[in-house]
There are 2 protein chains.
Amino acid sequence: MVAPSLRARVRAGMIEEIKTVARRHLDTDGANLSLRAVARDLGMVSSAIYRYFPSRDDLLTALILEAYDALGDAVEAADAAADQADLRGRWLAACRAARAWALAHPAEYALLYGSPVPGYAAPDDTVAPAQRPPVTLVGILRDGLASGRLAPPDEDLPEPLRGDVAELVGLLGMDVPPALLARGMAGWTQLFGLISFELFGRINRALPHRDEYFDHQIGLMADLVGLP
Amino acid sequence: MVAPSLRARVRAGMIEEIKTVARRHLDTDGANLSLRAVARDLGMVSSAIYRYFPSRDDLLTALILEAYDALGDAVEAADAAADQADLRGRWLAACRAARAWALAHPAEYALLYGSPVPGYAAPDDTVAPAQRPPVTLVGILRDGLASGRLAPPDEDLPEPLRGDVAELVGLLGMDVPPALLARGMAGWTQLFGLISFELFGRINRALPHRDEYFDHQIGLMADLVGLP
DNA sequence: CCCACGTCAAGAGCAGTGCTCTCTCTTTTG
DNA sequence: CAAAAGAGAGAGCACTGCTCTTGACGTGGG
């Protein structure tokens with residue numbers, strides 16, 4: 001392990017600076033990020049950017065990865081900060097943290113969960129960090145099951161579906177009944193829908209009390225998954 | 001009322017032809033619609049398009065309007081085709097119709113419910129057609145309430161929210177308790193989330209039986225709104 | 001009938017985009 | 001100290017939305 005050379009440190013700083021400026025452009029100008037505009041802000045020429053990122057998509061991918069991790073950190077931190085015995089409190093805290101992060105970083109949220117850019121295919125690196133929020137939610141359910149505070153749902157899944165979800169249970173490494181995982185995914189789907197509606201402006205201008213509306217809606221889903 | 005002149009009829013046909021080709025480009029190339037490419041396909045030069053649409057955004061708006069109406073038609077038709085006494089059947093049919101339309105027209109769905117285009121602001125004309133699917137869902141609940149087949153939820157909404165939702169009830173002109181409307185909106189949010197995840201996300205590659213998964217998820221929401 | 005008016009399409013051009021290639025200068029390395 | 005590698009600048013290609021001008025054509029009124 002040699003000490004990084006001056007050039008290497010400058011390079012790392014440059015990469016960070018490019019990402020910072022790009023993030024700023026993302027927040028102000030929306031999803032269509034212009035490499036040339038970023039370069040202009042940095043006082044350099046557009047072709048110089050290609051020393052650091054092989055293409056615009058790679059820059060976007062780097063931003064997406066960081067955004068997934070930032071969202072995952074926020075959700076997991078909120079869950080960890082709550083009273084671990086209070087399952088419903090943990091669920092609500094995780095959901096609120098996701099919404100708060102999305103409201104604070106709307107353009108990055110749109111990058112993660114908006115319509116996919118036509119030519120762009122997200123690399124596999126993004127799969128794991130993307131699953132952190134739903135995994136956190138399911139983890140709360142697993143904890144509840146383990147501690148006996150959460151009763152599994154009465155129903156079971158019909159067969160072709162049961163196998164799929166059971167496989168997903170194994171993939172996530174969380175020992176919960178398939179029917180419960182399905183309800184947990186319903187909660188995650190609902191959370192995503194709620195945030196997207198609020199952010200993309202499709203939801204009602206007739207609902208001024210957005211915090212209360214959000215809390216009520218995620219409360220409904222907490223009921224659905226069986227949190228007391 | 002005079003008969004439209006030959007020129008007017010040719011013009012109307014041209015507008016339709018442009019929209020058709022644009023829709024095709026949308027489906028193949030994704031959201032970034034190129035005016036020049038559309039013009040090329042029509043054997044004309046890009047500037048000629050501006051005789052019919054003042055800008056690219058106006059062409060997009062026309063497509064969005066038609067898409068909203070197509071989706072609304074599909075959902076309402078599915079609801080109307082179901083046995084009107086079978087409330088749960090109507091709910092499921094409406095949801096399935098929305099999904100089917102989205103899967104058949106992914107790019108147009110993305111245009112409607114994906115991340116908003118930065119510079120673009122949807123005109124007010126789009127508000128009414130955009131509300132047709134959720135209004136259809138709530139209409140099912142109202143019918144159930146009127147016929148006594150659906151019991152309103154036990155709970156009531158806490159105060160700041162109750163007023164908001166009550167106002168929304170008035171706005172929609174549907175006489176349902178606020179708590180029930182809130183649950184109906186949860187169902188609509190869930191439906192949007194489900195379709196978006198399936199279309200955009202590569203959530204659940206581990207779920208090959210998508211139809212069954214979808215049916216189960218909307219079934220959960222049918223339970224939540226109280227449909228027997 | 002005919003001509004002026006309004007519509008239409010084409011072409012050039014402007015400012016912007018992602019990206020490539022070359023050329024030069026500086027830093028690191030053997 | 002010389003060779004190799006890295007970094008930035010600049011020109012250029014193909015593309016985008018959009019504007020303006022120019023010339024051709026169909027149509028309705030005199």
Side-chain angles (χ1 to χ4, degrees), chain A residues 1-19 21-26 28-64 107 111 116-121, chain B residues 1-19 21-26 28-64 107 111 116-121:
Chain A
M1 184 65 190
V2 293
S5 71
L6 168 68
R7 189 169 242 170
R9 271 178 294 138
V10 168
R11 181 182 175 82
M14 196 70 199
I15 289 180
E16 279 314 304
E17 205 166 345
I18 292 175
K19 286 197 285 194
V21 173
R23 227 186 324 262
R24 205 177 59 218
H25 268 84
L26 219 55
T28 58
D29 298 352
N32 39 9
L33 179 69
S34 160
L35 271 193
R36 292 179 114 111
V38 171
R40 261 194 303 273
D41 271 23
L42 288 167
M44 61 204 289
V45 111
S46 75
S47 59
I49 300 271
Y50 288 82
R51 293 272 168 205
Y52 303 93
F53 294 94
S55 78
R56 179 177 167 276
D57 280 1
D58 289 84
L59 175 54
L60 276 180
T61 299
L63 295 177
I64 287 177
L111 210 59
V117 184
Y120 177 78
Chain B
M1 186 64 190
V2 292
S5 71
L6 168 67
R7 189 169 241 166
R9 271 178 293 138
V10 168
R11 179 181 177 83
M14 195 70 196
I15 288 181
E16 279 312 305
E17 205 167 345
I18 292 175
K19 286 197 283 192
V21 173
R23 227 186 325 260
R24 206 177 58 217
H25 268 83
L26 221 53
T28 61
D29 298 352
N32 39 9
L33 179 69
S34 162
L35 270 192
R36 292 180 114 110
V38 171
R40 261 194 303 273
D41 270 24
L42 288 167
M44 61 203 292
V45 111
S46 74
S47 58
I49 301 272
Y50 288 84
R51 292 270 167 206
Y52 302 93
F53 294 94
S55 79
R56 179 178 166 276
D57 279 1
D58 289 85
L59 173 54
L60 276 179
T61 299
L63 294 176
I64 286 177
L111 211 58
V117 184
Y120 177 78

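Note: hydrogens, waters and symmetry copies are ignored here, and every other heavy atom, side chains too, is used. Letters go in sequence order (proteins before strands), and every chain restarts at 1.
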In this structure, how many angstroms lie between the [atom2] atom of [N] and the [atom1] atom of [X], rounded?
{"X": "B:H25", "N": "D:dC15", "atom1": "NE2", "atom2": "C1'", "result": "14 Å"}
{"X": "A:I49", "N": "D:dG8", "atom1": "CD1", "atom2": "P", "result": "9 Å"}
{"X": "B:Y52", "N": "C:dT7", "atom1": "OH", "atom2": "C1'", "result": "9 Å"}
{"X": "B:I15", "N": "C:dT7", "atom1": "CD1", "atom2": "C1'", "result": "13 Å"}
{"X": "A:E17", "N": "D:dA7", "atom1": "CD", "atom2": "P", "result": "14 Å"}
{"X": "B:R11", "N": "D:dT27", "atom1": "CZ", "atom2": "P", "result": "14 Å"}

inquiry  = Looking only at the side chains, is there a donor atom on one of B:D58 and B:S55 sitting less than 3.5 Å from an acceptor on the other?
reply    =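 Yes, side-chain donor-acceptor contact under 3.5 Å.
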inquiry  = Base contacts versus sugar-phosphate-only contacts with protein, heavy atoms under 4.0 Å: please encode nucleotides 10-20 of chain C as B, S and - from 5' to 3'.
reply    = BB-B---BBBB
task = Going 5' to 3' through nucleotides 24-30 of chain C, assign each nucleotide B (protein heavy atom under 4.0 Å from a base atom), S (under 4.0 Å only from sugar-phosphate atoms) or - (no protein heavy atom that close).
result = --BBS--
ask   = So what does A:F53 hit on the nucleic acid, given a heavy-atom distance under 4.0 Å: a base, only sugar-phosphate, or nothing?
value =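 The residue A:F53 makes no contact with any strand.
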inquiry  = Run the side-chain contact (heavy atoms from CB on, under 4.5 Å) test against A:Y50 and tell me which residues pass, sequence neighbours left out.
reply    =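 Applying side-chain contact (heavy atoms from CB on, under 4.5 Å) to A:Y50 gives A:L35.
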ask   = So do B:Y52 and B:K19 actually touch side chain to side chain, heavy atoms under 4.5 Å?
value = no
Student check: side-chain heavy atoms of B:N32 and A:N32 closer than 4.5 Å =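 Side chain of B:N32 against side chain of A:N32, heavy atoms only: no contact under 4.5 Å found.
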Spatial distance of atom [atom1] ([X]) from atom [atom2] ([Y]) [nearest 0.5 Å]:
{"X": "A:R24", "Y": "A:L33", "atom1": "CZ", "atom2": "CG", "value": "11.5 Å"}
{"X": "A:M14", "Y": "A:M44", "atom1": "CE", "atom2": "CE", "value": "4.0 Å"}
{"X": "A:D41", "Y": "A:I18", "atom1": "CG", "atom2": "CD1", "value": "12.0 Å"}

note = Scanning both residues in full, the closest heavy-atom pair of B:S46 with B:R36 reads CB-CG, 3.7 Å
